[in-house]
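I have placed the structure first, in the form of structure tokens, so that the comments after it can refer back to it.
A, B, ... follow the sequence lines: proteins, then strands. Residue 1 opens every chain.
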Amino acid sequence: NAGVTQTPKFQVLKTGQSMTLQCAQDMNHNSMYWYRQDPGMGLRLIYYSASEGTTDKGEVPNGYNVSRLNKREFSLRLESAAPSQTSVYFCASSEGDRGTHTDTQYFGPGTRLTVL
Amino acid sequence: LAKTTQPISMDSYEGQEVNITCSHNNIATNDYITWYQQFPSQGPRFIIQGYKTKVTNEVASLFIPADRKSSTLSLPRVSLSDTAVYYCLVGDKDYQLIWGAGTKLIIKP
């Protein structure tokens, strides 16, 4: 099993450009999450999906949109990138279907995004 | 709203026991307290999870007092490879995920 995979691993954007970060999990998990981690900081939840077809805002949703394409895939879109969105983005999944329950989360390797 | 507090950093030496405490208030009464480990350039990795009292697995122990206002991660006989950032995670009474800011643990030879 690959676990949680993310693409791309690195990305550089110019201010105003758009892009989509892809995430997939092969563990048949119900819940999926998108986090951002700024240098030297902890994790901040952007959006999560407790089950296929549902999404909810986390702590820092502004400037992002998400799509739970199917049970396996959860994408994060930046419509108009800003330098403040420079960060490392982690996708995670967990078995539970509540989304906000603190069941074990499994993380991907991250996408390092720089916005110039 | 729940809030967590962890020490920013800690130092220890190989072979010692390390205890990292996370203070948390207004957490959900029926939710787990979970600890994660993160190495540079990697995603966090689950270490241990508990609801109350003491939980032990092959890598760590977790102590949670009856009032659940704190939790202590205990790493026995640490090695250089335990150098990492450690995060506590709780759920608050509105079922939101609350991550600690992380404790950077440095193990010296």
Side-chain angles (χ1 to χ4, degrees), chain A residues 2-7 9-10 21 23-25 27 29 31-50 54 56-61 74 76 87-113, chain B residues 1-9 20 22 24 26-52 55 57 59-60 62 64 68 71 84-106:
Chain A
V4 178
T5 57
Q6 295 183 234
T7 56
K9 287 185 170 54
F10 302 91
L21 281 64
C23 174
Q25 52 91 8
M27 296 173 283
H29 284 171
S31 296
M32 297 186 74
Y33 312 80
W34 276 107
Y35 292 93
R36 60 176 289 172
Q37 185 174 40
D38 299 330
M41 304 289 284
L43 295 160
R44 291 189 291 172
L45 182 65
I46 304 172
Y47 272 94
Y48 66 93
S49 170
T54 67
D56 285 284
K57 295 179 181 179
E59 180 186 356
V60 289
F74 189 37
L76 178 72
S87 190
V88 180
Y89 291 85
F90 289 104
C91 177
S93 71
S94 67
E95 188 174 3
D97 61 4
R98 266 181 53 192
T100 53
H101 191 281
T102 53
D103 56 346
T104 303
Q105 294 184 36
Y106 296 84
F107 284 79
T111 294
R112 282 147 187 80
L113 175 66
Chain B
L1 195 66
K3 186 176 179 181
T4 58
T5 304
Q6 301 179 234
I8 295 173
S9 64
I20 305 173
C22 177
H24 30 74
N26 292 322
I27 66 171
T29 55
N30 60 344
D31 223 339
Y32 289 106
I33 297 165
T34 311
W35 283 79
Y36 289 81
Q37 176 190 55
Q38 186 179 29
F39 296 114
S41 301
Q42 294 185 23
R45 184 177 70 172
F46 171 87
I47 301 175
I48 197 166
Q49 181 177 72
Y51 179 69
K52 59 182 178 180
V55 178
N57 63 21
V59 297
L62 180 61
I64 303 171
R68 289 173 35 95
S71 59
V85 180
Y86 294 82
Y87 295 94
C88 61
L89 169 64
V90 299
D92 73 4
K93 294 179 179 179
D94 294 320
Y95 301 105
Q96 299 300 310
L97 294 171
I98 308 295
W99 287 82
T103 298
K104 185 173 184 179
L105 176 64
I106 298 174

Looking only at heavy atoms, which two atoms of Phe90(A) and Gln38(B) are closest? And how far apart? CZ-NE2, 3.6 Å
Which portion of Gln6(A) sits near chain B, non-hydrogen atoms under 4.5 angstrom: neither
Value for CH2 (Trp99(B)) from OH (Tyr35(A)), rounded to nearest 0.5 Å, stands at 5.0 Å
Checking heavy atoms, do the side chain of Arg44(A), its backbone, both or neither come under 4.5 Å from chain B? neither
So for atom CE, which belongs to Met41(A), do other residues, nucleotides or ligands contribute more than 12 heavy atoms lying within a distance under 6.0 Å? no
Interatomic spacing from CD1 in Ile98(B) to CG in Leu43(A) - rounded to 0.5 Å: 12.5 Å
Of all residues at least two apart in sequence or in a different chain, which pass the side chain to side chain donor-acceptor pair (under 3.5 Å) check with Thr111(A)? none
Given that the side chain runs from C-beta out, which part of Val90(B) has a heavy atom under 4.5 Å from chain A: side chain, backbone, both or neither? backbone
For Gln37(A) versus Tyr87(B), what's the shortest heavy-atom pair and its separation? NE2-OH, 2.8 Å
What side-chain donor-acceptor pairs closer than 3.5 Å can you find for residues 39-50 of chain B, not counting sequence neighbours?
residue  : atom : partner   : partner atom : Å
Arg45(B) : NH2  : Gln37(B)  : OE1          : 2.6
Gln49(B) : NE2  : Thr102(A) : O            : 2.6
Gln49(B) : NE2  : Thr34(B)  : OG1          : 2.9

Testing the basics here: between Tyr33(A) and Leu97(B), what is the closest heavy-atom pair and its distance to 0.1 Å? CE2-CD1, 3.7 Å
